[in-house]
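Have a look at the structure below, then the notes.
Given the structure is predicted, the values throughout are model-derived calculations rather than measurements. Lettering follows sequence order; numbering is per chain, from 1.
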Amino acid sequence: MQTTVIRPRYTVLLRDLRELWEYHELLYFFIWKELKIRYKQTAIGVVWAIFQPFVTMVVFSVFFGALVGVPSDGVPYPIFVYAGLLYWQFFSSSLSQVSNSLVGNQALLTKVYFPRLLLPISAVAINLVDFFVASIILIGMMVYYRFIPLAVGILTFPLLLLLTFSFAVGTGLLLAAVNVKYRDVKYVLPFFIQILMFLTPVIYPPSILGKYSWLLALNPLTGIIKVARSTLFGTPPINWMLLLFSGIVTLAMLLIGVWYFKKTERTFADLI
Amino acid sequence: MSKAAIEVKNIGKTYMVVHTFEQYQTLRDSLGRILRNPFRALWKYMRHAVIPNEEEHFWALRDVSFSVERGEILGIIGANGAGKSTLLKILNRITPPSEGEAILRGSVSSLLEVGTGFHPELTGRENVFFSGAIMGMRRQEIIRKFDDIVAFADIGRFLDTPVKRYSSGMQVRLAFSVAAHMEPDILLVDEVLAVGDASFQRRCLEKIREVSTHNKRTILFVSHNLAAVSALCNRCMYLKGGRVHMIGSTAEVVAAYLDNQSNNHSSATLSFPRHTSSKPSFRLIEVSNNAGVVTNEIDAGHPFSITVEYEATTTNAPCWVAMTCAHEDGTTIYTSADVDKYSNSELLTQRKAGIYRSTFTFPASFSLSLNEGSYQIRFRLTHDPTTDTALTIHIKNDARRFNIYPGVLLVGGSWSTQYLGVE
């Protein structure tokens, strides 16, 4: 028989992981519910997942690609920017949804017990669906521009996705936990995301920074997007060192996020 | 398996009392304080860590110890703020205790509020699945019990309609029905019976009783409804000021609780601290006699008034005061709401945010009045059990205008007697 012991303080990570696994069905239900209510009472439903990155791509291509003439490493600008946008939007909308996942589910947090980690994790997982839907456009563009991806892309694609996922979860957990106590996060975040976009090589290649391009490497998304472009457009070499560095930064961020979240999660209901 | 299902040892919960000037905690304020005077901030932080300042703490619960055997239903009663809900939240792992230890043997589910996890956009069917899952049911279990749940809720053909189009009664029925079909070893119940109509409440009570006796479930039952507590529980705990005041047989504990309440003569007025919450809240509740004097001692045969001041926080959102009057033995005498059809139904839908004062007048007369004794009047705003509050009135017959007979009512109705002759 299962026994629950309630004490003032505890931090047992291993037990939490097992518990998380026991609740995997609830995670599925959280995702299912979000998907259900997401496009209720919308006329075009899931097409919204394509609409947003597509229109952004068109606007960017006109302004940055055609008018300003931002270089794109010899690849047509629309597909160059779309590949970046795909990962960027997965990251940025995950981040903002994770940050709000606790505050937005106040009613649940104060009424019922479940591993709190389920809320942020499900918030990111939902964006994965959008990512795959929006990928359809990318595939269409690759056919149109006649690009053949590198074979190694089959291996790196899940890895890139996992890295983006982990980076969004790590950063998001930290912000979500802080958001419970300080609602300032709500105001800072859109602004922060906007700035971060310019610090991520979405609309330009990292090479335009010349000898300072290494600074961009501190942002794990740089490695992710760069490797994604190399494999998609068949333009080696793949910068493995950069990807490794992205992995290290992501892992560090994830550990910090999980640590802070676990440290504060039991008081969420008191503070929220 | 002879060990108790629930063992609570010296559980305590303290909240920091935030001083008014620090009430708005923003990152900017915190950072500002630190930057303006880093050494003072550091000193304050260290001093806090070494000697926690007792005065800044408020003990919502202290030294609470009890145990509950398997299959037992323990009632928990107490005035508002006595710590009942805090205790359930600790046992439900929503908030951690500050001291002590609790051991729960078996799976735990809670019914802290009907409709937890309900989403207005989802259909009835979808909500059954989601709220079932969030309350700890497995998917297979929900599928297996789905027909029973729907039958118990009695919502029939509205199963695939979004819940936002349900009447509030239907929502409550469906939500309770999901909850009632959970099969945990330990069930924590907080004030869920105060919603729904009388016949549904009765069915809920029966369901809870059935669950506990047939399946050896352990239940902690928190309620203001003394009749329900008396009907369900053999043993009862009375919390007062965060401590266990008494624990024992329900009849004795309920009697002690009522006795304690009726000794409290100052309770003709209830005033509430200013709330910053986004939910409607009470501000003032007052009882006065027909001369307008604030008192909770009312002469039998005279009308009395109850004035309720409350704040509606959202324009065009439902907000109303529900009032239930119960006799000291637990029998409900009447229930009334300030949006009742025959008075102010437009308030239900076209309410502006702001402060309201509603006055209810009990129409006592020399032909019909409440009998001598103490009556508990409970108040609730909209459906929110966290607003529950109660005061006690005492009906006196000092003027001896009535003959005192047993019963809840004094009836001065006239008899007419005719002599019909002899057969």
Side-chain angles (χ1 to χ4, degrees), chain A residues 1-11 19 22-42 104-116 118-119 122 175 178-188 264-272, chain B residues 1 3 5 7-8 11-13 15-16 25-30 89-113 115-123 126-127 129-140 142 162 185-186 190 386:
Chain A
M1 183 185 279
Q2 143 196 9
T3 302
T4 314
V5 180
I6 299 164
R7 293 209 178 91
R9 257 180 284 276
Y10 88 159
T11 34
E19 193 189 25
E22 278 166 18
Y23 275 86
H24 71 273
E25 243 186 41
L26 185 58
L27 177 66
Y28 155 79
F29 270 111
F30 269 124
I31 297 170
W32 172 82
K33 180 196 88 168
E34 270 314 311
L35 289 178
K36 280 259 172 189
I37 58 180
R38 188 166 213 184
Y39 296 116
K40 281 243 160 125
Q41 288 204 352
T42 60
N105 284 291
Q106 195 167 349
L108 289 183
L109 281 185
T110 54
K111 305 257 163 50
V112 58
Y113 176 81
F114 55 88
R116 280 16 183 160
L118 292 184
L119 286 174
S122 64
L175 290 174
V178 173
N179 199 8
V180 169
K181 194 169 179 192
Y182 301 106
R183 295 295 150 82
D184 306 57
V185 171
K186 190 171 73 186
Y187 301 101
V188 172
T264 51
E265 71 173 345
R266 295 185 85 209
T267 58
F268 287 163
D270 292 340
L271 294 173
I272 206 158
Chain B
M1 285 291 220
K3 280 184 171 168
E7 267 180 73
V8 174
I11 282 280
K13 172 82 185 176
Y15 285 102
M16 285 280 275
Q25 266 197 336
T26 65
L27 199 56
R28 190 193 56 140
D29 289 348
S30 295
K89 281 190 170 178
I90 290 172
L91 294 180
N92 197 27
R93 287 186 291 168
I94 287 166
T95 181
S98 309
E99 57 178 35
E101 186 185 71
I103 301 170
L104 304 167
R105 295 189 179 88
S107 58
V108 186
S109 279
S110 68
L111 251 172
L112 294 201
E113 195 170 300
T116 305
F118 261 48
H119 196 288
E121 295 286 346
L122 295 181
T123 66
E126 290 161 348
N127 267 313
F129 275 89
F130 184 68
S131 79
I134 194 119
M135 286 190 291
M137 278 202 253
R138 300 263 163 198
R139 206 170 73 90
Q140 282 306 321
I142 305 172
D185 299 315
I186 299 170
D190 190 1
T386 61

Item to complete: Select one option (side chain, backbone, both, neither) describing which atoms of A:Tyr28 are under 4.5 Å from chain B's heavy atoms.
Response: side chain
Discussion item. So which atom in A:Arg266 and which in B:Pro97 form the shortest heavy-atom distance, rounded to 0.1 Å?
Written reply: NH2-CD, 4.2 Å
Practice prompt. Return the minimal non-hydrogen interatomic distance between A:Glu19 and B:Arg93, and the atom names on each side.
Written response: OE2-NH1, 3.6 Å
Response to the item:
Of B:His119, B:Glu121, B:Glu126, the one forming a side chain to side chain donor-acceptor pair (under 3.5 Å) with A:Lys36 is B:Glu126
Item to complete: Would you name the heavy atoms of B:Asn92 and A:Lys111 that are closest together and state the gap between them?
Response: ND2-O, 3.5 Å
Discussion item. So for A:Leu109, is it side chain, backbone, both, or neither that comes closer than 4.5 Å to the heavy atoms of chain B?
Written reply: backbone
Worksheet, complete the sentence: Shortest non-hydrogen pair, A:Ile6 vs B:Leu91, comes out as CD1-O, 3.5 Å
Worksheet item: Taking the side chain as C-beta and beyond, is there a heavy-atom pair between B:Ile134 and A:Phe114 under 4.5 Å?
Response: yes
Item to complete: Kindly compute the distance separating CE (B:Met137) from CG (A:Leu26), expressed to the nearest 0.5 Å.
Response: 12.0 Å
Fill in: Partner residues of A:Gln106 under the side chain to side chain contact (heavy atoms under 4.5 Å, CB included) criterion, sequence neighbours left out
A:Ile272
Worksheet entry | Rounded distance [0.5 Å steps], CZ in A:Arg116 versus CD1 in B:Ile94 | 6.5 Å
Item to complete: Select, from B:Pro96, B:Gly12, B:Gly100, the one with the greatest count of heavy-atom pairs under 4.5 Å involving chain A.
Response: B:Pro96
Worksheet item: Counting distance only, does the side-chain N/O of A:Glu25 pair as donor-acceptor with the main-chain N or O of B:Arg139 below 3.5 Å?
Response: yes
Item to complete: Under the salt bridge (charged side-chain N to carboxylate O under 4.0 Å, His left out) rule, collect the residues that match up with B:Lys13, sequence neighbours excluded.
Response: A:Asp270
Fill in: Residue part contacting chain A, namely of B:Ser98, when any heavy atom lies under 4.5 Å
backbone
Worksheet item: Can you say whether B:Ile186 sits under 4.5 Å from chain A via the side chain, the backbone, both, or neither, judging by heavy atoms?
Response: neither
